[in-house]
2 protein chains.
Amino acid sequence: MSQTRGRGRRADALSKDVVVRAAVDLLDEHGERGFTFKLLTERLQTGAGAVYWHVANKDELVLLATDKVIGDALAALRPEPGADAETRLRTLLLTMYDALDQHFWAAPHVVAGSAMPNAMLLLERVGSLIAETALPARRHFAAATALFLYLVGVTAQDSAHAKTVEPGVSRDELLGQEAARWAALDPATFPFVTRVAAELGDHSDRDQFITGVDLFLDGLRAHG
Amino acid sequence: MSQTRGRGRRADALSKDVVVRAAVDLLDEHGERGFTFKLLTERLQTGAGAVYWHVANKDELVLLATDKVIGDALAALRPEPGADAETRLRTLLLTMYDALDQHFWAAPHVVAGSAMPNAMLLLERVGSLIAETALPARRHFAAATALFLYLVGVTAQDSAHAKTVEPGVSRDELLGQEAARWAALDPATFPFVTRVAAELGDHSDRDQFITGVDLFLDGLRAHG
DNA sequence: ACCTGAACACCGTTCAAGT
DNA sequence: ACCTGAACACCGTTCAAGT
């Protein structure tokens, strides 16, 4: 994998890809806040200047790392022969949900723009599958971007939650505490929230995400 | 408004609310990146320690500022006598969309948790309106949170776009450039994106948001 | 072309001291 | 209780110098 081209170069030559891969790992380990150039140069056994030779700055590096996460998830997707468009759309969205859930720092940076080729490819897939639907063509753009935004928005929200979790406290514990706080609110001003507080306790973000997608797909079908 | 209690105190006494208000203004002016304690203490004519007396740290301050934005938008809402639940739901969501669009730094920080009382109140309103719908009660929780997440997610995405805009370049210009880049992609690998590129050029984020909401509401009705 | 590492400017936070 | 402002630790970025 590591090629030694040139003489004064290090044996395991640095490259944009090596830098980005290290960034993804460190972001996974320390989050966006804890991800520093100090950590990065230590892991890569190099100086700050070396990193800046391969990427413009930290912002670009995080962007590249985000796009890589999406690219890897897309590459891992297995085809589903015989499945209809809606089924494949659900699989695609769930796969991306899991990837963005795992790399919890990434979602807020996902933008469907030419600066992120893999995010672009993701929008393309969503759009193609929407186009296979019975939905009239003039609604394809709005439907595809809405679903794309829903995916990214929900995962970004979930990751905001994940950031709050202190080490030592489990996610379920925290949800339980929050549910208790909801239940303890004044039912006069919070009739709805107090009523559904219990559902928050034993709810799964992932299931909730699918439910939202299904409601959306129902809406599309109703437009048939 | 400004009370002089105590002797050694400044005439225009600091308070949590004054600090948060100044934070909102500075965040509007400089974005989250440009918002520093140096700027804040200059505007408030005080030292860093004074701010830390009223808020725990910068994170809490941004959170308080975010919740204030939501609170102000909720307070500005006018009742719509005679309108049905769906209409009022759309009004509510659009009002919040506009508020989060104006304060472009806020959306990524919105979380429906007890730490953000006004965000909590927003979820309550969404949920109450959903509950007025014909939707069966067991779906209320999922539907309300999905809509809430869609609102926050979309506005967070839009704000990510807004951050990219360099001063001097208008938003329409930038959209046009991006649309051109979409159109220039290889139609073989990007059949969908190249096809809808033109729609990106003359699309409105706000209209697209409503379209998404409507598709969602259609889904709810289909479940009747 | 690619890498090193010291130097710079800046930023969030703390804290001893004041009223 | 509330405020001041200097001091500290840290961080992203630059750059002259090396191969």
Side-chain angles (χ1 to χ4, degrees), chain A residues 1-27 29-66 105 109 163-164 166, chain B residues 1-27 29-66 105 109 163-164 166:
Chain A
M1 221 32 100
S2 69
Q3 61 227 47
T4 322
R5 37 171 192 167
R7 314 119 300 164
R9 226 77 93 262
R10 7 183 316 157
D12 54 337
L14 234 47
S15 72
K16 203 168 182 164
D17 196 60
V18 169
V19 172
V20 172
R21 210 192 317 271
V24 171
D25 290 344
L26 287 170
L27 282 162
E29 293 166 30
H30 301 95
E32 191 164 355
R33 258 297 169 73
F35 171 59
T36 65
F37 271 74
K38 186 162 186 291
L39 241 37
L40 184 61
T41 49
E42 273 167 10
R43 170 120 351 152
L44 292 173
Q45 298 267 55
T46 185
V51 174
Y52 279 91
W53 177 259
H54 293 284
V55 300
N57 50 42
K58 198 188 179 186
D59 283 345
E60 199 204 49
L61 183 49
V62 172
L63 190 144
L64 289 168
T66 302
W105 46 270
H109 300 281
K163 252 186 290 187
T164 319
E166 295 133 73
Chain B
M1 221 31 100
S2 67
Q3 61 228 52
T4 321
R5 35 171 194 168
R7 316 117 299 165
R9 224 76 95 263
R10 10 182 314 159
D12 53 337
L14 235 45
S15 70
K16 202 167 184 164
D17 196 60
V18 169
V19 172
V20 171
R21 211 194 316 270
V24 170
D25 289 344
L26 287 169
L27 282 161
E29 292 168 30
H30 301 96
E32 191 164 355
R33 257 296 169 72
F35 170 60
T36 66
F37 271 73
K38 185 161 185 291
L39 241 37
L40 184 62
T41 50
E42 273 167 10
R43 170 116 357 149
L44 292 173
Q45 299 267 54
T46 185
V51 175
Y52 279 91
W53 176 260
H54 293 284
V55 300
N57 51 41
K58 199 188 179 187
D59 283 346
E60 200 204 47
L61 183 49
V62 172
L63 191 142
L64 290 168
T66 302
W105 46 271
H109 300 281
K163 252 187 290 189
T164 320
E166 295 133 74

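Below, chain A is the first sequence line, B the second, and so on; all start at residue 1. The structure displayed is predicted, hence computed values, not measured ones.
Of the candidates dT14(D), dC3(D), dC11(C), the closest approach to any side-chain atom of Y52(A) belongs to dT14(D). For F37(B), the side-chain atoms get nearest to dT13(C) when compared with the rest of dC11(C), dC3(C), dT13(C). Side-chain proximity of N57(B) to dC3(D), dT13(D), dT13(C): nearest is dT13(C). Considering only the side chain of A48(B), dT14(C) comes nearest among dG12(C), dC3(D), dT14(C).
The nearest pair of heavy atoms linking V19(B) to L40(B) is O-CD1, 4.3 Å. Across every non-hydrogen atom of V62(A) and W105(A), the tightest pair is O-CZ3, 4.3 Å. Scanning both residues, A13(A) and V18(A), for their nearest heavy atoms gives O-CG2, 4.2 Å.
The residue among A56(B) and G34(B) whose nearest nucleotide of DNA chain C lies closer to the 5′ end is G34(B). Residue whose closest nucleotide on DNA chain D sits further toward the 5' end, between A50(A) and T36(A): T36(A).
Distances shorter than 4.0 Å separate some side-chain N or O of H54(A) from OP1 or OP2 on dC3(C). An OP1 or OP2 oxygen of dG12(D) is reached within less than 4.0 angstrom by a side-chain nitrogen or oxygen of K58(A).
One interatomic measurement links the two molecules: CG of D59(B) to C1' of dC11(C), which rounds to 14 Å at whole-angstrom precision. Straight-line distance from the CG atom of L40(B) to the P atom of dC11(C): 13 Å, rounded to whole Å. The separation between E60(A) atom CD and dT13(D) atom C1' is 14 Å, rounded to whole Å. The CH2-P distance, from W53(B) to dG18(C), rounds to 18 Å in whole Å. Here dC11(C) presents its P atom at 13 Å from CG of L26(B), a figure rounded to the nearest Å. Per the geometry, NZ belonging to K38(B) stands 17 Å off P belonging to dT13(C), to the nearest Å. Rounded to an integer number of Å, the gap from CD of E32(B) to P of dC11(C) is 14 Å. Taking atom CD of E42(A) as the reference point, atom P of dG12(D) lies 12 Å away to the nearest angstrom.
Across all strands shown, dA7(D) pairs with dT13(C); the Watson-Crick or G-U wobble distances both stay below 3.5 Å. Both distances falling under 3.5 Å, in either a Watson-Crick or a G-U wobble arrangement, place dA1(C) opposite dT19(D).
Here the straight-line distance linking atom CD of E32(A) with atom OG1 of T66(A) works out to 7.5 Å at 0.5 Å rounding. Annotation: the span from F37(A) atom CZ to N57(A) atom CG amounts to 7.0 Å, rounded to 0.5 Å.
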